[in-house]
Amino acid sequence: MTYFRSLDFDQKAALAEKCKTSVRYLTKQATLINTGKDKSLFRPSICTAIEVFSSGEITRKDLRPDDWSDIWLELIEV
């Protein structure tokens, strides 16, 4: 989540608002991902919003590395 850490507070707040969540939630989840915790799972709807509003800098695959293919079948390359 280098992208998220690179944002200033106003940019984080804008991203959180667009994603219909809070800066606190985004920060907590980003921290958990960075420490490799199992509970670092963003809600699928938030993952999609983050991917869209970060212009693909952060992808759904990045945010849900262990189960993205179970959630977003359209991302599986066949």
Side-chain angles (χ1 to χ4, degrees):
M1 295 279 296
T2 304
Y3 171 82
F4 185 71
R5 286 192 310 265
S6 74
L7 302 177
D8 65 30
F9 183 80
D10 290 337
Q11 292 169 317
K12 287 177 184 177
L15 178 63
E17 183 177 340
K18 288 177 184 175
C19 295
K20 296 184 170 110
T21 191
S22 66
V23 172
R24 183 177 180 178
Y25 175 80
L26 294 178
T27 302
K28 177 183 175 186
Q29 294 301 323
T31 300
L32 290 172
I33 284 175
N34 289 332
T35 59
K37 300 291 183 190
D38 293 356
K39 305 219 185 252
S40 61
L41 296 178
F42 283 91
R43 294 187 305 267
S45 60
I46 299 293
C47 293
T48 302
I50 290 170
E51 184 173 53
V52 168
F53 295 118
S54 73
S55 299
E57 291 288 324
I58 306 170
T59 68
R60 291 172 275 177
K61 290 179 181 182
D62 296 333
L63 298 171
R64 301 283 302 234
D66 297 328
D67 66 352
W68 66 264
S69 61
D70 296 330
I71 302 167
W72 300 288
L73 299 175
E74 72 276 11
L75 299 179
I76 299 172
E77 294 179 26
V78 287

Could you work out, with ring-ring contact (aromatic ring centres under 6.0 Å, His included) as the rule, every residue matching F53, not counting sequence neighbours? none

Report the residues that fulfil side chain to side chain donor-acceptor pair (under 3.5 Å) with E77, sequence neighbours left out, ordered by chain and then residue number. none

Are more than 12 heavy atoms from other residues, nucleotides or ligands located less than 6.0 Å from atom NZ of K61? yes

So, does R60 use its side chain to make a donor-acceptor pair with the main chain of P44 at under 3.5 Å? no

What one should report as the nearest heavy-atom pair of A16 and S22 is CB-C, 3.6 Å

Is any side-chain heavy atom of L26 closer than 4.5 Å to a side-chain heavy atom of K12? no

Taking a hydrophobic cluster as the set of Ile, Leu, Val, Met, Phe, Trp and Tyr residues connected by side-chain heavy atoms closer than 4.5 Å, whether directly or through intermediates, do I50 and V52 fall within one such cluster? yes

With heavy-atom distances below 4.5 Å as the criterion, would you say the side chains of I46 and Q29 are in contact? no

Tell me whether L63 is reachable from L75 by hopping between hydrophobic residues (I, L, V, M, F, W, Y) whose side-chain heavy atoms are closer than 4.5 Å. no

On a heavy-atom basis, which atom in F42 and which in A30 lie closest, and how many Å separate them? CZ-N, 4.0 Å

Nearest heavy-atom pair of D62 and P65: which atoms, and what distance? O-CD, 3.5 Å

Does the S54 side chain pair with the main chain of I58, one donor and one acceptor, at a distance under 3.5 Å? yes

Could you tell me if the side chain of Q11 sits less than 4.5 Å from the side chain of L15, heavy atoms only? no

Backbone N or O of Y3 within a donor-acceptor pair of the S6 side chain at under 3.5 Å? yes

Only pairs at least two apart or in different chains count here, so list each ring-ring contact (aromatic ring centres under 6.0 Å, His included) that has a residue in residues 58-77. none

